[in-house]
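Values reported hereafter were calculated over all heavy atoms of this structure, with side chains retained and with hydrogens, waters and symmetry mates removed.
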Amino acid sequence: MQIIRDIAMLHRAVTALKQGGKSVALVPTMGSLHDGHLSLVRMAKRVADHAVVSIFVNPTQFGPNEDFAAYPRDEARDAAMLVEEGTSLLWAPDVSVMYPGGHSTHIEVAELGADYCGAARPGHFDGVATVVAKLFNQVRPDVAIFGEKDWQQLAIIRRMARDLDFGIDILGAPIARDTDGLALSSRNAYLSPEQRTAATIFPRALNTAAQAIAGGADVDEALARAETVIVGGGFDSVDYVALADADSLERLDAFHKPARLLAAARIGKTRLIDNLPVGD
């Protein structure tokens with residue numbers, strides 16, 4: 001596996017990978033890899049000839065009181081895992097490479113980024129859209145793969161790729177979960193043993209709400225019940241639990257397909273997100 005940190009070298013390496021009509025799939029990550037990330041790499045190898053993974057902890061998507069400095073980093077461990085998966089290339093630029101002096105351009109996907117995590121984390125999705133657009137231009141993949149765990153992010157990147165004519169297929173990979181149902185996340189490492197046990201109420205409450213809504217229950221009542229169960233199970237607060245159109249992300253007060261149940265909640269200093277399809 002090649003590990004590259006220079007853009008000119010990256011362009012030469014990707015050109016070589018594409019020789020003979022071969023295809024490249026990009027898996028953007030912030031490192032601290034787990035089985036969820038590796039499932040994306042495996043998907044990349046199924047849909048393209050070469051899997052390229054990027055590791056870049058993007059400062060522009062972190063707010064002033066968020067965990068940028070503390071975000072877990074272990075490139076050597078991550079690289080070893082990617083070698084095991086047969087990754088062709090690891091793109092691991094420094095901040096100075098990604099955002100050279102004088103960088104002053106950002107991308108905003110206005111409507112899709114305004115609600116949910118966008119409301120709770122102002123500027124977050126501008127940072128995400130900007131860094132992903134740069135990764136697309138740097139790697140020039142045929143396909144890019146993102147996990148469905150952050151459904152809002154996936155919807156924003158799909159819209160951006162369409163609006164800006166990137167010509168890249170954006171694929172969503174199913175959420176990888178632990179045996180107790182909790183969605184795999186790098187931030188799960190922040191949880192104490194007691195918090196990790198309590199966190200299992202989060203997906204269980206969402207699953208109950210999704211089933212109730214699909215079965216005809218009142219949407220507002222089902223969402224309110226889910227919030228009560230999550231806080232009662234040990235979470236400190238709920239940022240939102242919402243039923244949304246799966247494509248437009250518009251909030252729904254009555255169920256219709258395609259719909260997605262979106263949620264974010266805080267336990268201790270950790271903010272967890274999750275989502276489920278409804279009636280699917």
Side-chain angles (χ1 to χ4, degrees), residues 27-34 36-37 40 53-75 77-78 92-100 103-135 146-157 160 175-176 182-192 194-196 198-199 202-203 206 227 230-231 234-242 244 249 262-275:
V27 180
T29 81
M30 293 205 301
S32 188
L33 303 183
H34 50 66
H37 295 108
L40 307 187
V53 176
S54 64
I55 292 179
F56 179 68
V57 183
N58 177 35
T60 67
Q61 68 190 67
F62 288 80
N65 298 313
E66 294 184 337
D67 58 347
F68 173 71
Y71 195 85
R73 296 163 171 87
D74 190 343
E75 187 185 295
R77 169 187 168 275
D78 292 343
D94 189 81
V95 172
S96 63
V97 173
M98 188 64 74
Y99 298 114
H103 185 277
S104 59
T105 301
H106 78 273
I107 294 174
E108 177 187 6
V109 184
E111 294 178 4
L112 292 179
D115 202 351
Y116 313 117
C117 286
R121 305 177 68 189
H124 168 71
F125 286 118
D126 294 354
V128 170
T130 301
V131 77
V132 170
K134 290 177 69 67
L135 289 169
F146 297 84
E148 292 182 351
K149 182 170 75 72
D150 193 333
W151 189 266
Q152 186 175 15
Q153 173 180 272
L154 177 60
I156 286 170
I157 290 166
M160 178 191 72
I175 299 172
L182 187 66
L184 297 184
S185 170
S186 300
R187 288 186 169 91
N188 290 353
Y190 298 159
L191 301 173
S192 69
E194 295 77 14
Q195 290 170 340
R196 176 62 186 77
F202 191 28
L206 297 184
E227 288 196 30
I230 291 166
V231 173
F235 278 74
D236 296 290
S237 62
V238 173
D239 281 359
Y240 61 85
V241 178
L249 302 186
L262 310 176
R266 300 174 188 267
I267 182 168
K269 296 181 179 179
T270 307
R271 183 177 186 273
L272 299 180
I273 62 172
D274 204 342
N275 69 89

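- Crowding of Glu75 atom CD: a count of heavy atoms from other residues, nucleotides or ligands under 6.0 Å exceeding 12.
- The shortest heavy-atom contact between Asp67 and Phe62 is OD1-CE2, 3.1 Å.
- Side-chain atoms of Ser32 never come within 3.5 Å of backbone atoms of Arg73 as a donor-acceptor pair (strictly under, hydrogens ignored).
- Minimum heavy-atom separation, Val109 to Ala129: CG2-CB, 4.4 Å.
- In this structure the side chain of Phe202 never reaches within 4.5 angstrom of the side chain of Val238, judged on heavy atoms.
- Rounded to the nearest 0.5 angstrom, Phe125 CZ and Ile157 CD1 are separated by 8.5 Å.
- Looking at Asn275, its side chain does come within 3.5 Å of a backbone N or O of Lys149 through a donor-acceptor pair.
- At a threshold of 4.5 Å between non-hydrogen side-chain atoms, the residues Tyr190 and Gln195 do not count as touching.
- In this structure, the separation between OG on Ser186 and CE on Met30 is 7.5 Å, given to the nearest 0.5 Å.
- Checking side-chain atoms of Gln152 against main-chain N and O of Tyr116 turns up no donor-acceptor pair under 3.5 Å.
- Residues Pro28 and Phe56 are not in side-chain contact: their nearest non-hydrogen atoms beyond the backbone lie 4.5 Å or more apart.
- Asp115 has its side chain out of reach of Tyr240: every pair of non-hydrogen atoms, C-beta onward, lies at least 4.5 Å apart.
- Heavy atoms only, all atoms of each residue included: Ala199 and Leu191 are closest at CB-CD1, 4.2 Å.
- At a threshold of 4.5 Å between non-hydrogen side-chain atoms, the residues Leu182 and Arg196 count as touching.
- Within the model, atoms NE2 of His106 and CG of Asp126 stand 4.5 Å from one another, a figure rounded to the nearest 0.5 Å.
- Distance CD1/Ile267 to CD/Glu194: 10.0 Å, rounded to 0.5 Å.
- The two residues Arg121 and Gln61 come nearest to each other via the heavy atoms NH2-O, 3.5 Å.
- In this structure, the side chains of Val132 and Phe146 come closer than 4.5 Å at one or more pairs of heavy atoms.
- Ring planes of His37 and His34: tilted class, angle from 30 to 60°.
- Taken from SG in Cys117 to CD in Gln153, the straight-line distance is 9.5 Å, to the nearest 0.5 Å.
- With hydrogens and angles disregarded, a donor-acceptor distance shorter than 3.5 Å links the side chain of Arg77 to the backbone of Leu33.
- Side-chain N or O atoms of Asp236 include none that pairs as donor or acceptor with a backbone N or O of Lys269 at under 3.5 Å.
- Leu249 and Ala244 get closest at one heavy-atom pair: O-CB, 3.8 Å.
- Heavy atoms only, all atoms of each residue included: Ala264 and Arg271 are closest at CB-NH2, 3.5 Å.
- Here Arg266 contributes atom CZ and Ile273 contributes atom CD1; the two are 11.5 Å apart, rounded to the nearest 0.5 Å.
- Not a single salt bridge (Lys or Arg N to Asp or Glu O under 4.0 Å) links Asp150 to another residue, sequence neighbours left out.
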